[in-house]
There are 2 protein chains.
Amino acid sequence: MARVAGVSQATVSLVLGDKWAGRVSERTAAAVRAAARELGYRPNLAARSLRLGRTRTALLVVPALTTEFFARVYTGAARVAAEGGFGVVLYPSPEGVGPARDPFDSARASLDGVIASSMAADALAAVRGGGLPLVMLDSSPDETAAAATVNLDIADGMRQAAGHLLGLGHRRIAHVAAAVDTWTFRVRARALAAAVGAVPGASLHTETAPLTVDEGRRAAERALTHPGPRPTALVCDDDILAAGACKAARRLGLRVPDDVSVTGFDDLALATAVDPELTTVRLPAEAVGAAGMRALMAVLADEPARDTSLPVELVPRGSTGPPPR
Amino acid sequence: MARVAGVSQATVSLVLGDKWAGRVSERTAAAVRAAARELGYRPNLAARSLRLGRTRTALLVVPALTTEFFARVYTGAARVAAEGGFGVVLYPSPEGVGPARDPFDSARASLDGVIASSMAADALAAVRGGGLPLVMLDSSPDETAAAATVNLDIADGMRQAAGHLLGLGHRRIAHVAAAVDTWTFRVRARALAAAVGAVPGASLHTETAPLTVDEGRRAAERALTHPGPRPTALVCDDDILAAGACKAARRLGLRVPDDVSVTGFDDLALATAVDPELTTVRLPAEAVGAAGMRALMAVLADEPARDTSLPVELVPRGSTGPPPR
DNA sequence: TTGAAAGCGCTAACAC
DNA sequence: GTGTTAGCGCTTTCAA
């Protein structure tokens, strides 16, 4: 552009790169900017990346975007990235995008770093060995390969949910657990077991289900029709399962929360779309994405990226109440 | 890489680019591939883009990903893109990602083309004038700026929904309409009015609401408490609004579908998460994204990209039934 | 304060 | 069949 528009060539780079401290006269700088605006000039990113060897682009590895939770993680990451002049490309693992087996190929960009959810474990193998800085989301804090981790205080969230139910007087509790072998769900199971185990006379039964409404319903039906006294509370590993659990209860002629209480996890839009609204543990999804991106940018800038832990919060709503009788 | 690993340099390009028809010996080709695998060689995309002047990257402009519908559109587009060696970057307009006002900047990539939802109209202004091939999704078919359009037969969907209710005997119908001034919603209103108007004795009342559960509930409450005989069916512009409408009915002590029928639009996961499950019009979101990407790739290849229209389908479920008495 | 020149890694035309 | 070469648009010394 420059060569035509005004004065020089390298000068343009300096001006547009805000690196003209005392190297370019105010006059020429202004001229350059004017010309740039006039021509609608956009520096060629490919050339810049080639020259710099950095792309200012991060890869976000998530298990399918169609889960609102990860869509929100993306949103948070993208916001922070944009503020820092970075971009984010997505690698939705298996089910989502089909045959794009290679993350470095699926994203048509060279990458500076990777942010990965622990739930996309299978895709992680491919990412490892890329030699790129890696930030792990919601994973075991002693994750070794990661340059930094962003964690949610999942255990505390589950303690809050359990405490809420136990405080209401529930003693027979069933866990509708996600059939996903991942740190975050293992923590939920462990924290719930610990909380229930600490209360004399309280008992816990577990059913597992893939993360769909229908499977959640089936698992909840199993829990509610299991031989022996019926549980009075269903603790579900996420809101999707909880929605299924509510349907199960209703199918069995039970009212929520009068006959059985139900709790979820995540606080998706779904939680307030169902009736009664779900008591659930709110996970700050956007904050997770934002913190992940911030951590990655810090690592890339050789700043110390300390591990982050984000608090979570129980949101009591209509799906829980005292046990019957 | 090549220079070190085996024989030459340009040869590598030919082999890895699958352009060695009768120009490279089978032996050397094999050698190159072996070396590439050994070194874990990845061609530098930035350099390739720079050389080629094309990036094999498309921009998808959507209004916020956190709507499951657009997450699915993205998934479909990404799948087709990956199959064709393309990439997709996202530009979620306003609310989603904050200050990334410039789509060409927000996506840290140079772009070959743009796929835009008509619902992201505000962002479109920025995209226009980029001089890039543009594919419009779910927009007015006589959209001029677009090189191709992918449409849903929204009008037919609404006719099916209206026909379903009218066939069940409903005559007092209320439209819970999206407060979004966009082609797709204007079509819904028009098609519904036409269908109801064609039946003697049938009447239509309209309330509008922003696309949230809560606003849907409020609008439905207004519709159900409006002076005069109560509507027996609520036709909602999407599933989110329909979920709100169900809550409204229940708050007013009305049963769904015994006292009032409710229909949605989209067939999100939400539609089967609520109880009763929503009768709704299924929009093939992934197919929209896929068709959009296919059309864009065709345009970029100078192939004739004819406009596409995708059929939609009513899915009758538990939220509709005959009117009371 | 500005310009000239090199080179990032790749592809395509051309020479051998 | 294979190697040489030029050049994509940018940033960054280095000279002027």
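Because the structure is a prediction, the values reported are computed rather than measured. Every chain is numbered from 1 and lettered A, B, ... according to where its sequence line falls, protein lines coming before strand lines.
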S.K.: Once you round it to whole Å, what is the distance between P of C:dC10 and CG of B:Leu14?
M.R.: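 Going from CG in B:Leu14 over to P in C:dC10 covers 13 Å.
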S.K.: Just by modelled atom types, is the A:Gly84 backbone N or O under 3.5 Å from a matching donor or acceptor in the A:Arg56 side chain?
M.R.: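 Yes: the side chain of A:Arg56 pairs with the backbone of A:Gly84.
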S.K.: Take B:Lys19 and B:Ala47, find for each the nucleotide of DNA chain C with the closest heavy atom, and name the residue whose nucleotide sits nearer the 5' end.
M.R.: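 It is B:Ala47, whose closest nucleotide lies nearer the 5' terminus.
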S.K.: Whole angstrom is fine here: how far is it from CG in B:Asn44 over to C1' in C:dT11?
M.R.: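 Atom-to-atom, B:Asn44 to C:dT11, this comes out as 13 Å.
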S.K.: Do any side-chain nitrogens or oxygens of A:Tyr41 fall under 4.0 Å of OP1 or OP2 in D:dC10?
M.R.: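 Looking at the OP1 and OP2 atoms of D:dC10, one of them is under 4.0 Å from a side-chain N or O of A:Tyr41.
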S.K.: OP1 or OP2 of C:dA12 sitting under 4.0 Å from any side-chain N/O of B:Ser13?
M.R.: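 B:Ser13 to C:dA12 OP1/OP2: no side-chain N or O under 4.0 Å.
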S.K.: Does A:Phe69 form a side-chain contact (heavy atoms from CB on, under 4.5 Å) with A:Arg72? I'd like the steps, not just the answer.
M.R.: CA-CA 5 Å; A:Phe69 182 79; A:Arg72 277 152 71 170; 6.0 Å; no
S.K.: Would you please confirm or rule out a distance under 4.0 Å between OP1 or OP2 of C:dG9 and any side-chain N or O of B:Arg51?
M.R.: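 No, outside the criterion.
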S.K.: If you assign each of B:Leu50 and A:Arg54 to its closest nucleotide in DNA chain D, which residue comes earlier from the 5' end?
M.R.: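 With B:Leu50 and A:Arg54 compared, the 5'-side residue is B:Leu50.
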S.K.: Do the side-chain N or O atoms of A:Thr28 get closer than 4.0 angstrom to the phosphate oxygens (OP1, OP2) of C:dT1?
M.R.: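 For A:Thr28, the contact criterion (side-chain N or O under 4.0 Å from OP1 or OP2 of C:dT1) is not met.
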S.K.: Output the single nucleotide from D:dT12, D:dG3, C:dC10 whose closest atom is nearest the side chain of B:Arg48.
M.R.: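 Closest of the options to the side chain of B:Arg48: C:dC10.
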S.K.: When all nucleic acid strands are considered with a 4.0 Å heavy-atom cut-off, which category describes A:Leu52: base, sugar-phosphate, or nothing?
M.R.: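 Contact class for A:Leu52: sugar-phosphate only.
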S.K.: For C:dT2, does either OP1 or OP2 sit under 4.0 Å from a side-chain N or O belonging to A:Ser25?
M.R.: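 For C:dT2, OP1/OP2 do have a side-chain N/O of A:Ser25 under 4.0 Å.
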S.K.: Heavy atoms from C-beta onward define the side chain here; which of C:dG9, C:dT2, D:dT12 lies closest to that of A:Ala10?
M.R.: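 Minimum distance to the A:Ala10 side chain belongs to D:dT12.
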S.K.: From CZ of B:Arg42 over to C1' of C:dC8, roughly how many Å is that when rounded to an integer?
M.R.: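 Computing the B:Arg42:CZ to C:dC8:C1' distance gives 19 Å.
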S.K.: Can you name the nearest heavy-atom pair linking B:Arg79 to B:Ala290, along with the distance?
M.R.: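 So the two residues come closest at NH2-CB, 4.0 Å.
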S.K.: Looking only at the side chains, is there a donor atom on one of B:Asp112 and B:Thr57 sitting less than 3.5 Å from an acceptor on the other?
M.R.: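 There is no such pair (donor and acceptor under 3.5 Å, judged by atom type) between the side chains of B:Asp112 and B:Thr57.
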